[in-house]
Amino acid sequence: MSQFPQSFWRESVNLESFPVLDHSIKADVGIVGGGIAGITAAYLLAKQNVKVALVDASQILNGTTGHTTAKITAQHELIYDELIQHFGIDKARMYYEAGEEAGKLIRKLTEEHSIDSDFSNEEAYLYTNSDDYISQLENEKKAYDKLNIPGKLTDQMPLDIPMKSALIMENQAQFHPLKYLSVLAQESIKNGAQIYENTTAIDVEYSKHPSIITGDGHRINCKYVISASHFPFYDRHSFYFSRMYPERSYVIALKSSNEFPGGMYINAESPARSIRTTKMNGEDLWLVGGENHKTGQGKSMIEHYHALHDFAKKQFSIDEFSYRWSAQDLTTMDKLPYIGPITKSEENIFVATGFRKWGMTNGTIAAKVISDLIIKKSSPYEDLFTPSRFHADPSLRKFIRINADTAKHMIKGKFDNTKKRVDELPPDEATITRIRGKRTGVYKDQDSKLHIVDTTCTHMGCEVEWNSGDRTWDCPCHGSRFSYTGDVIEGPAKKPLASREYKT
Ligand SMILES: Cc1cc2nc3c(=O)[nH]c(=O)nc-3n(C[C@H](O)[C@H](O)[C@H](O)COP(=O)(O)OP(=O)(O)OC[C@H]3O[C@@H](n4cnc5c(N)ncnc54)[C@H](O)[C@@H]3O)c2cc1C
């Protein structure tokens with residue numbers, strides 16, 4: 001296994017490369033972000049003869065979509081009982097239907113284009129081994145009954161792991177997301193879409209129509225903009241950074257001499273454990289994920305991988321650990337994604353975000369909703385997902401909690417004590433120190449070269465923390481991530497961390 005994280009999905013496909021956008025262009029729809037939301041939207045629009053241009057700051061399918069677990073399910077952990085409480089039966093049912101429709105769309109496109117994406121039908125198991133959660137699973141089952149969701153409770157699962165109860169959702173699925181999405185990208189291009197990589201969108205300018213402005217100063221002049229950049233690249237006055245929080249989670253991939261009995265598994269309690277298999281050279285590769293935590297917060301990040309290793313070693317007989325990777329996803333205040341016009345006054349700028357680690361279905365339905373809003377001017381899911389919604393319960397409480405937590409991290413970072421001395425730092429470790437009074441991050445690489453950055457996040461001035469699992473600087477406030485040299489890996493920040501000098 002490599003010293004740095006590697007995603008099996010990315011390692012097991014040959015992805016086409018695309019040019020940098022080096023001039024201004026025109027399109028009907030400009031899409032920012034080439035993950036599942038952006039690529040699916042490009043496909044659906046281009047198929048309807050809409051002229052699409054998609055830009056990605058890095059390579060397409062290298063964001064969260066390239067680092068997922070790729071279960072295609074409407075079983076989004078414990079959710080339906082809560083949705084009924086907060087939104088009522090009709091909206092809760094509609095959320096389920098959105099998930100099912102997304103699953104059906106993925107299945108249909110897979111068949112239509114004969115995509116060899118290791119797609120398989122599976123039962124989804126939400127299980128618990130904790131007495132405290134048994135009644136919650138029972139309540140969730142009652143919610144399934146109220147919403148006519150086919151499912152059943154059981155005290156036995158095909159996979160032999162400690163459990164007390166499980167709720168099954170039948171006829172769900174899993175796939176190799178990049179095998180599927182790379183075909184959708186190729187099909188979009190056949191239908192006239194243009195894709196550009198290493199092209200960062202930094203702003204939108206409005207006159208009669210919106211123009212996406214890139215970091216190199218080029219423009220995509222268009223009628224509609226879709227922000228599918230995971231964290232919205234354009235905020236204006238919509239304060240997305242205060243309405244969502246990022247959570248990281250981790251995946252390890254291993255080979256086991258146990259036979260995998262089928263099914264997709266996730267527990268209801270913490271720490272999260274999510275299990276499925278995929279095929280690697282005809283053999284089962286087991287994916288074990290979980291260990292969610294807010295980005296940049298909590299224990300040393302490498303310990304999350306260790307915890308997954310320990311769990312896997314205890315439960316299964318392991319021949320080899322093959323890969324490890326991690327990524328983050330965004331959760332909104334009321335747990336429903338934001339899909340639709342970015343603000344009430346900018347109706348031709350759309351956003352698709354807040355998928356709460358269920359973006360295979362939520363990202364797919366986002367693409368469908370937005371392409372319907374552009375082409376047909378309406379979608380049955382418009383009101384459910386509109387980003388302009390604000391429900392006092394639970395939104396208000398969560399809004400206060402998220403922002404209090406952010407404020408705490410803004411203040412805490414500023415007064416943090418320094419840690420290890422730079423001259424005592426072993427290779428491949430980092431420390432936070434003060435240079436001329438300024439909080440400074442120092443990473444010593446394998447060749448003992450120091451990489452020194454100002455730890456103040458360039459988004460809103462919080463202090464970044466070291467991620468020992470991925471060798472990145474992560475912001476605990478809004479989830480921006482920077483490489484050890486300070487380059488932006490993930491927004492909302494758009495500018496790199498300032499570099500600093502260290503003199504012995
Ligand atoms: C560990 C883990 C496991 C998961 N497992 C599952 C699962 O089993 N099932 C499920 O349904 N969901 C799962 N999810 C969630 C799912 O993977 C995500 O919700 C989904 O991939 C997000 O897709 P996206 O298109 O919104 O974002 P991304 O895939 O992150 O794509 C966004 C793209 O935008 C680009 N970008 C960002 N800023 C800019 C800019 N300014 N200019 C240009 N480009 C920009 C990025 O480079 C990136 O390529 C999981 C998530 C995690 C973290």
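Both ligands and their constituent atoms are indexed starting at 1 by order of listing.
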Roughly how far apart are [X] [atom1] and [Y] [atom2], rounded to 0.5 Å?
X: Gln172; Y: Met360; atom1: CD; atom2: CE; answer: 14.5 Å
X: Trp466; Y: Met301; atom1: CH2; atom2: CE; answer: 10.5 Å
X: Thr154; Y: Glu123; atom1: OG1; atom2: CD; answer: 9.5 Å

What do we get for [X] next to ligand 1 when only non-hydrogen atoms under 4.0 Å count, side chain, backbone, both or neither?
X: Ala228; value: backbone
X: Ile202; value: neither
X: Gln328; value: backbone
X: Pro177; value: neither
X: Val32; value: side chain
X: His67; value: backbone

Any idea which of [options] brings a heavy atom closest to [atom]?
atom: atom 18 (C) of ligand 1; options: Ile266, Thr214, Asn362, Asp329; value: Asp329
atom: atom 50 (C) of ligand 1; options: Thr68, Asn62, Thr40, Ile60; value: Thr68
atom: atom 35 (C) of ligand 1; options: Thr64, Asp56, Leu61, Leu54; value: Asp56

Run the numbers for me: atoms of ligand 1, each under 4.0 Å from some heavy atom of [X], listed by number.
X: Phe355; value: 19 (O), 22 (C), 26 (O)
X: Ala327; value: 53 (C)
X: Gly63; value: 29 (O), 30 (O), 49 (O)
X: Trp358; value: 9 (N), 10 (C), 11 (O), 12 (N), 15 (C)
X: Thr199; value: 43 (C)
X: Phe233; value: 41 (N)

Suppose we call two aromatic rings close when their centres sit under 6.0 Å apart. Are [X] and [Y] close by that rule?
X: Phe175; Y: Tyr180; value: yes
X: Tyr338; Y: Tyr240; value: yes
X: His113; Y: Tyr43; value: yes
X: Phe321; Y: His309; value: yes
X: Trp286; Y: Phe316; value: yes

Taking Arg324 for its side chain and Gly469 for its backbone only, find out whether a donor-acceptor pair lies under 3.5 Å.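 Here the side-chain-to-backbone pair exists.
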
Around [atom], find the nearest protein heavy atom and jot down its residue, atom name and distance.
atom: atom 23 (O) of ligand 1; answer: Thr65 OG1, 3.2 Å
atom: atom 36 (N) of ligand 1; answer: Ser229 CB, 3.9 Å
atom: atom 14 (N) of ligand 1; answer: Lys357 O, 3.2 Å
atom: atom 1 (C) of ligand 1; answer: Ser249 OG, 3.4 Å
atom: atom 3 (C) of ligand 1; answer: Thr69 OG1, 3.0 Å
atom: atom 34 (O) of ligand 1; answer: Gly33 CA, 3.2 Å
atom: atom 42 (N) of ligand 1; answer: Ala201 N, 2.9 Å
atom: atom 27 (O) of ligand 1; answer: His230 CD2, 3.5 Å

Cation-pi between [X] and [Y]: NZ/CZ under 6.0 Å from ring centre and within 45° of the ring axis?
X: Arg276; Y: Tyr265; result: no
X: Lys294; Y: Tyr245; result: yes
X: Arg93; Y: Tyr96; result: no

Any N or O of Gly359 closer than 3.5 Å to N or O of ligand 1: yes

Please say whether Met360 places an N or O atom under 3.5 Å from an N or O atom belonging to ligand 1. yes

Tabulate below the donor-acceptor pairs under 3.5 Å that side-chain atoms of residues 215-222 make, not counting sequence neighbours, or state none.
unit_1, atom_1, unit_2, atom_2, d
His218, NE2, Asp22, O, 3.4
Arg219, NH1, Glu205, OE1, 3.2
Arg219, NH2, Glu205, OE1, 2.8
Arg219, NH2, Glu205, OE2, 3.4
Asn221, OD1, Ser211, OG, 2.6

Run the ring pair (Phe, Tyr, Trp, His ring centres under 6.0 Å) check on His67 and Phe8 step by step: do they pass? CA-CA 8 Å; His67 299 82; Phe8 165 73; over 10 Å; no

Under 4.0 angstrom from ligand 1, any heavy atom of Gly34?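 Contact present.
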
Decide ring pair (Phe, Tyr, Trp, His ring centres under 6.0 Å) for His176 and Phe119; before the verdict, give the C-alpha distance in whole Å, the side-chain angles of both, and the deciding distance to 0.1 Å. CA-CA 7 Å; His176 186 311; Phe119 186 100; over 10 Å; no

